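Structure, as structure tokens:
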Protein chains: 2
Amino acid sequence: MEDQFIKTAALIGDPTRALIMWTLLDGKAFTATELSIAVNTSPQNISMHLAKLLDAGLLVVEKQGRHKYYRFSNKDVAYAIEALASLIPKVNPQKSKPEMHSPIKHCRTCYDHLAGKIGVALAESLLEQKIILDLDHKFEVTPEGIKWFSDFGINLEDLKKQRRLFLKPCLDWSERKNHIAGSVGASLLDKMITEDWLRRTKDSRAIQITGKGEKELLKYFKIVI
Amino acid sequence: MEDQFIKTAALIGDPTRALIMWTLLDGKAFTATELSIAVNTSPQNISMHLAKLLDAGLLVVEKQGRHKYYRFSNKDVAYAIEALASLIPKVNPQKSKPEMHSPIKHCRTCYDHLAGKIGVALAESLLEQKIILDLDHKFEVTPEGIKWFSDFGINLEDLKKQRRLFLKPCLDWSERKNHIAGSVGASLLDKMITEDWLRRTKDSRAIQITGKGEKELLKYFKIVI
DNA sequence: ACAACACTTCAGCATGGACTTAACTATCAT
DNA sequence: ATGATAGTTAAGTCCATGCTGAAGTGTTGT
């Protein structure tokens with residue numbers, strides 16, 4: 001029993017692996033490369049560490065093409081990491097923000113597309129309006145969808161020419177549902193920011209919703225803030 | 001923020017420190033030497049590790065004479081350790097006991113005296129019956145108490161001749177209250193075992209209460225099992 | 001006063017495991 | 001097919017950090 005505990009503790013005790021867990025706590029499922037960037041180490045190294053975490057059952061993997069998406073295997077893992085984080089010695093206790101996690105979990109960017117509650121709700125709305133379809137974990141734009149994006153001010157043909165993935169589902173940990181990644185997800189976020197529906201906050205990946213955004217999100221996607 | 005998390009994780013990630021935390025989770029406050037025995041390492045080494053845990057605010061110390069009693073600084077620490085323990089990969093899930101901690105937390109020996117719920121209740125009963133007094137964290141036997149112990153079959157004069165501490169309070173983590181240690185605590189436990197009120201279990205520090213014990217504990221100390 | 005005990009500090013050592021370099025497989029794009 | 005990208009595997013290096021031995025302080029008991 002106790003030797004099992006020691007192994008588990010040592011697993012999370014390593015700086016690199018601790019950073020991996022910390023990163024995954026923030027939200028979505030990450031690819032190995034994304035994690036290697038996030039924790040600032042080599043791909044080989046990340047691969048080794050992920051294998052250990054995987055072996056211990058703390059993470060699970062979902063393979064999508066040549067990518068592998070890593071995320072917590074269950075909510076107990078997230079709880080444990082959060083419990084550990086709660087032990088961080090408090091400096092300037094009067095300056096600490098009342099709710100540390102909530103703004104990020106509620107509405108944040110996932111690298112360059114929209115995740116969190118809003119991101120998930122947006123994806124659901126697009127699916128419901130038949131603007132996109134979910135074909136076995138692959139998103140596709142419908143003929144009506146092409147017109148809709150055009151009306152919204154996004155030229156899908158331009159996006160397809162880019163060298164990056166066009167449209168893909170991206171699992172969100174905190175919401176347990178897919179949201180929209182790829183160039184389509186990125187340009188949706190981009191458009192909403194240029195229209196001043198949303199604003200980036202300086203230091204974090206969290207996003208603020210403007211008054212205008214609140215109205216427009218309700219109108220276009222029936223999203224209630 | 002994340003570097004703070006890394007430090008905290010690394011703190012618990014070391015095998016020896018993990019064992020310390022695991023041991024402290026079990027119940028009472030331990031002395032440095034007790035811990036060095038429990039985790040099977042040298043006193044110097046324990047001292048160094050305890051200093052680190054202390055510095056990080058995970059533990060607190062209470063000095064009593066030449067002893068130093070270490071325990072968790074607050075319940076969040078216990079929660080975090082338990083959350084970590086919950087991540088231990090389950091082998092033979094059908095064989096796992098329904099409630100791992102409860103028997104130990106409920107009634108266990110603290111080396112050779114009685115701790116846990118029963119130990120605390122016993123101490124409270126003795127205090128309430130004015131058999132012992134709590135004088136600023138020091139227990140003392142009253143004149144009536146001397147007679148009571150004699151009737152109970154314990155000769156306090158013999159105990160005082162022993163080379164060990166006679167009577168001292170011993171903080172119990174799980175109950176947050178004092179129970180009785182020292183030779184008095186030990187002989188109370190001893191007497192109850194020879195009278196077959198209690199029985200030792202083979203492998204653990206947990207104690208079983210017999211049917212006779214259940215009645216007698218109620219009669220003598222108004223303890224309801 | 002003395003010895004025994006509880007605990008700490010500081011030196012040097014030693015080892016485990018993280019990281020690197022390198023080579024390999026698999027998938028995707030053109 | 002070819003190159004680019006995502007990820008893994010293997011062997012070897014190296015450094016951080018835990019551990020030991022020796023010596024110290026402070027407390028207890030006789």
Side-chain angles (χ1 to χ4, degrees), chain A residues 3 6-7 9-20 29-56 59 61-70 111 137-138 159-168 170 181-183, chain B residues 6-7 9-21 29-56 59 61-70 111 138 159-168 181-183:
Chain A
D3 50 343
I6 289 172
K7 282 179 189 168
L11 213 56
I12 299 175
D14 171 75
T16 303
R17 286 192 294 266
L19 260 187
I20 291 174
F30 284 75
T31 68
T33 305
E34 283 172 337
L35 283 170
S36 81
I37 295 166
V39 313
N40 194 36
T41 187
S42 65
Q44 314 91 293
N45 205 25
I46 278 287
S47 187
M48 179 212 31
H49 286 304
L50 288 175
K52 291 189 178 181
L53 292 168
L54 216 56
D55 185 57
L59 304 184
V61 145
E62 198 173 338
K63 197 175 177 185
Q64 277 174 28
R66 53 181 168 182
H67 297 275
K68 280 192 174 181
Y69 287 90
Y70 290 86
Y111 285 42
H137 287 291
K138 290 200 171 191
L159 294 182
K160 277 187 180 169
K161 284 178 195 146
Q162 288 181 217
R163 271 221 56 145
R164 62 180 292 191
L165 265 167
F166 175 63
L167 175 61
K168 69 158 190 185
C170 178
S183 58
Chain B
I6 290 173
K7 282 179 188 167
L11 213 57
I12 299 175
D14 171 75
T16 303
R17 286 193 294 266
L19 259 187
I20 292 174
M21 301 307 267
F30 283 75
T31 68
T33 304
E34 283 172 337
L35 283 170
S36 80
I37 294 166
V39 313
N40 194 34
T41 187
S42 66
Q44 316 93 289
N45 205 25
I46 277 288
S47 186
M48 178 209 38
H49 287 302
L50 288 175
K52 291 188 179 182
L53 291 168
L54 215 56
D55 185 57
L59 303 184
V61 146
E62 199 173 337
K63 196 176 178 184
Q64 277 175 28
R66 54 182 166 178
H67 298 273
K68 280 191 174 181
Y69 286 89
Y70 291 87
Y111 287 113
K138 290 199 172 191
L159 294 183
K160 277 186 180 168
K161 284 177 194 148
Q162 289 182 216
R163 269 217 58 142
R164 62 179 293 190
L165 267 166
F166 176 63
L167 176 61
K168 69 158 191 185
S183 58

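First the proteins, then the strands, lettered A, B, ... as listed; each starts at 1. Since this is a predicted model, take the numbers as computed values, not measurements. Below, each value reflects all heavy atoms present in this structure, side chains not excepted, and no hydrogens, waters or symmetry copies.
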Interatomic distance where [atom1] belongs to [X] and [atom2] belongs to [N] [whole Å]:
X	N	atom1	atom2	result
Ile37(B)	dC5(C)	CD1	P	13 Å
Asp14(B)	dG17(C)	CG	P	11 Å
Leu53(B)	dT8(C)	CG	P	12 Å
Leu11(B)	dA16(D)	CG	C1'	16 Å
Gln64(A)	dC28(C)	CD	C1'	15 Å
Ile6(B)	dA16(D)	CD1	P	16 Å
Asp55(A)	dT9(D)	CG	P	11 Å
Ile20(B)	dC19(D)	CD1	C1'	13 Å

Minimal non-hydrogen separation, Ile12(A) against Ala18(A), with atom names: O-CB, 3.4 Å
Give the minimum heavy-atom separation between Val39(B) and Ile20(B), together with the two atoms involved. CG1-N, 3.9 Å
Side chain of Arg66(B), heavy atoms from C-beta onward: which of dA6(C), dT8(C), dG7(D) has the nearest atom to it? dA6(C)
Shortest side-chain distance from Thr33(B), nucleotide among dA6(C), dG18(D), dT8(D): dA6(C)
Please enumerate all residues that pass side chain to side chain contact (heavy atoms under 4.5 Å, CB included) together with [X], with sequence neighbours excluded.
X	answer
Lys7(A)	Gln4(A)
Ser47(B)	none
Ala10(A)	none
Leu11(A)	Arg17(A), Lys52(A), Leu53(A), Ala56(A), Leu58(A)

Got Met21(B) and Leu59(B) here, is their nearest side-chain heavy-atom distance under 4.5 Å? yes
Starting at the 5' end of DNA chain C and moving along, which residue's nearest nucleotide shows up first, Thr16(A) or Lys68(B)? Lys68(B)
Would one find a side-chain N or O of Lys63(B) under 4.0 angstrom from OP1 or OP2 of dG26(D)? no
With Ser42(B) as partner, the option from Asn45(B), Asn40(B), Ile46(B) fulfilling side chain to side chain contact (heavy atoms under 4.5 Å, CB included) is Asn45(B)
Atom OG1 of Thr41(A) and atom CE of Met48(A): how far apart are they, to the nearest 0.5 Å? 8.0 Å
Contacts to DNA chain D from residues 40-50 of chain B, heavy-atom cutoff under 4.0 Å, which residues? Thr41(B), Ser42(B), Gln44(B), Asn45(B), His49(B)
State, to the nearest 10°, the angle formed by the axis through the first five base pairs of the helix from dA1(C)-dT30(D) to dT30(C)-dA1(D) and the axis through its last five. 30°
